[in-house]
There are 2 protein chains.
Amino acid sequence: MSTTKSIQSVERAFSILELFQQTGCAEHSLKEIAQALELNKSTAFGLVNTLTELGYLQQNRENQKYALGLRLLSFSNTVKVQNIIIRTVHPYLEQINRKYGETVHCAVRQGDGVIYIDKVEATGSIHISTQIGTLNDLHCTGVGKCILAYMPPEDQERVLNGPLKTMTIHTVTNAEQLRREIETVRRQGYATDSEEIAIGLSCLAVPVFSGPDTVACAISVSGMTVRIQNARDNGLLEDLQRLAREISRQIFGS
Amino acid sequence: MSTTKSIQSVERAFSILELFQQTGCAEHSLKEIAQALELNKSTAFGLVNTLTELGYLQQNRENQKYALGLRLLSFSNTVKVQNIIIRTVHPYLEQINRKYGETVHCAVRQGDGVIYIDKVEATGSIHISTQIGTLNDLHCTGVGKCILAYMPPEDQERVLNGPLKTMTIHTVTNAEQLRREIETVRRQGYATDSEEIAIGLSCLAVPVFSGPDTVACAISVSGMTVRIQNARDNGLLEDLQRLAREISRQIFGS
DNA sequence: AAATATTATTCTGTATTACAGAATAGAAAT
DNA sequence: ATTTCTATTCTGTAATACAGAATAATATTT
């Protein structure tokens with residue numbers, strides 16, 4: 001929307017921080033940072049130095065490399081406290097997790113993707129490595145389909161006609177097929193992900209409405225395909241739908 | 001240390017984000033932001049706009065006000081995954097929490113303060129509202145005293161002679177008295193906080209060493225004074241000290 | 001142990017950019 | 001309908017962030 005020019009040094013500062021997420025590597029030398037972002041070494045130094053002084057990066061005395069600073073932790077704390085959706089939804093996620101023992105997520109729309117904003121992980125040994133706060137695709141996740149199904153038509157079309165990344169052989173990458181599936185989601189009031197993001201992994205998701213045809217967030221339960229099927233046999237869908245109505249009422253009072 | 005000049009717009013951008021933590025208010029108008037940081041409105045707009053486009057702020061369509069963006073959540077996730085101390089210490093915190101039912105913290109030094117980097121909260125109803133990632137004082141917390149006790153002498157003196165904020169009537173605000181207490185901490189191998197930060201609240205903390213006389217982090221258990229006393233009667237101190245040695249060995253191999 | 005390579009950090013002039021102030025648009029209140 | 005807010009956009013300029021060169025500090029090789 002806003003056509004105003006972004007402030008270069010701020011963009012660059014954050015892209016340095018984001019670099020640590022992308023690479024998964026905990027430490028980077030100044031040189032690596034400069035190369036990865038195609039910055040002049042001294043330019044990179046200025047940014048890195050500023051971030052270090054602010055506590056958002058820290059330098060390892062041993063090898064001089066930089067790592068993410070612990071002060072970044074403060075933000076997630078504040079975000080969680082201040083975000084009414086996270087505050088309200090969390091106990092419900094725990095409730096579902098207690099009953100079915102699977103991983104439960106809450107996600108919201110961010111641009112043309114979803115961000116998982118909260119989770120309660122399965123007690124079992126199998127890990128689903130979702131990253132809270134990172135952007136995920138709409139077309140191959142249960143929560144994504146819930147959100148996509150109620151997006152404004154023009155946004156929806158842009159996503160449908162945009163690139164639909166193939167994650168597994170079950171990923172729906174055809175616009176027409178996805179359009180039909182989204183209609184089904186609207187009709188049924190829930191979305192599924194049947195091994196579309198990873199083989200063996202399925203998920204069941206419901207939208208939480210803030211008003212007619214407007215989705216505030218989506219809640220999903222994911223786990224091994226057979227276990228999700230079991231959970232559905234034991235009333236998971238009904239529980240999720242009841243929950244979604246309850247949350248809706250609690251936050252948006254309708 | 002570094003005398004290099006920080007990049008102004010990066011500093012300002014972060015001070016905008018930090019504003020939301022200080023005030024505790026979830027939403028701020030552009031005007032409020034500009035006033036709070038004494039920035040020209042259009043300067044503030046440029047920064048706010050950049051942060052919004054990056055997803056670190058979000059604008060409420062209704063009232064045009066700004067709030068922290070959910071993308072900030074992604075950092076704490078990465079920090080936790082990448083930080084070896086948090087990864088290693090967390091299960092031990094849970095272990096202590098299970099045994100004694102009190103709130104357990106892990107903190108590290110940051111400049112002349114401490115940052116709580118992880119916690120497991122008491123199961124009971126009483127909340128100790130520690131903010132993960134935020135800077136706290138050294139002189140009035142158990143973890144702080146553990147860290148202060150093993151700081152390089154010049155740093156220690158700077159803190160001792162600096163302002164020592166009064167939190168309760170029990171807070172040690174006299175440099176000489178604090179110096180003596182710190183000696184005791186070194187001799188005994190643990191630190192206490194007896195209602196020095198809040199009336200009714202006590203804490204027991206131990207340092208985790210990364211080498212001789214070098215503290216990597218500190219671990220504390222806090223709760224209502226009588227309950228902490230009970231826990232000590234049941235072996236809390238010994239458990240903490242064993243834990244600290246164990247963690248030390250596991251991370252720093254000695 | 002000396003020499004070389006590599007990397008972080010400082011210095012400096014300048015082109016660029018972020019800034020402040022004024023102007024505009026848009027909403028809310030009167 | 002008028003006024004009073006506040007958020008945005010526009011624009012010239014002063015200030016800043018930038019790039020490149022120089023230096024310091026470390027590691028590596030000979």
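Residue numbers start from 1 in every chain, and the chains themselves are labelled A, B, ... in the order their sequence lines are given, proteins ahead of strands.
Put simply, CG on B/Leu30 is 14 Å from C1' on C/dA20, counting in whole angstrom units. Counting to the nearest Å, the P atom of D/dT8 and the CD atom of B/Gln59 are 4 Å from each other. The distance from atom CG of B/Asn40 to atom P of D/dC10 is 17 Å, rounded to the nearest whole Å. Rounded to whole Å, atom P of C/dC19 lies 12 Å from atom CG of B/Leu37. With rounding to whole Å, B/Tyr66 atom OH is found 14 Å from D/dT6 atom P. With rounding to whole Å, A/Glu32 atom CD is found 15 Å from C/dT6 atom P. Summarising the geometry, the separation between NZ on A/Lys31 and C1' on D/dT26 is reported as 14 Å, rounded to the nearest angstrom. The separation between A/Asn49 atom CG and C/dA8 atom P is 13 Å, rounded to whole Å.
Side-chain contact check for A/Thr134 and A/Gln21: no donor-acceptor pair (N or O, by modelled atom type) lies under 3.5 Å. Side-chain contact annotation: B/Gln250 with B/Thr88, donor-acceptor N/O pair under 3.5 Å absent.
With the nearest nucleotide of DNA chain D identified for both A/Ser42 and A/Gln64, A/Ser42 has the one nearer the 5' end. Toward the 5′ end of DNA chain C lies the nearest nucleotide of A/Lys41, the other residue of the pair B/Lys41 and A/Lys41 mapping further downstream.
Proximity of B/Gln8 to the phosphate of C/dC19: a side-chain N or O atom is located under 4.0 Å from OP1 or OP2. In terms of phosphate contacts, A/Arg12 brings a side-chain nitrogen or oxygen within less than 4.0 Å of OP1 or OP2 of D/dC18.
Between A/Arg186 and A/Glu183 there is no salt bridge, since no side-chain N of the basic residue sits under 4.0 Å from a carboxylate O of the acidic one.
Among the nucleotides C/dT17, D/dT9, C/dC19, the one closest to any side-chain atom of B/Phe45 is D/dT9. Nearest to the side-chain atoms of A/Ser9 among the listed nucleotides D/dT8, C/dC19, D/dC18 stands D/dC18. Listed nucleotides C/dA8, D/dT8, D/dA17 differ in distance to A/Ser29; the shortest reach to its side chain belongs to C/dA8.
Using cut-offs of 30° and 60° for the angle between ring planes, the A/Tyr150 and A/Phe209 rings count as perpendicular.
The six-membered or imidazole ring of B/Phe20 lies away from that of B/Tyr56, with a centre-to-centre distance of 6.0 Å or more.
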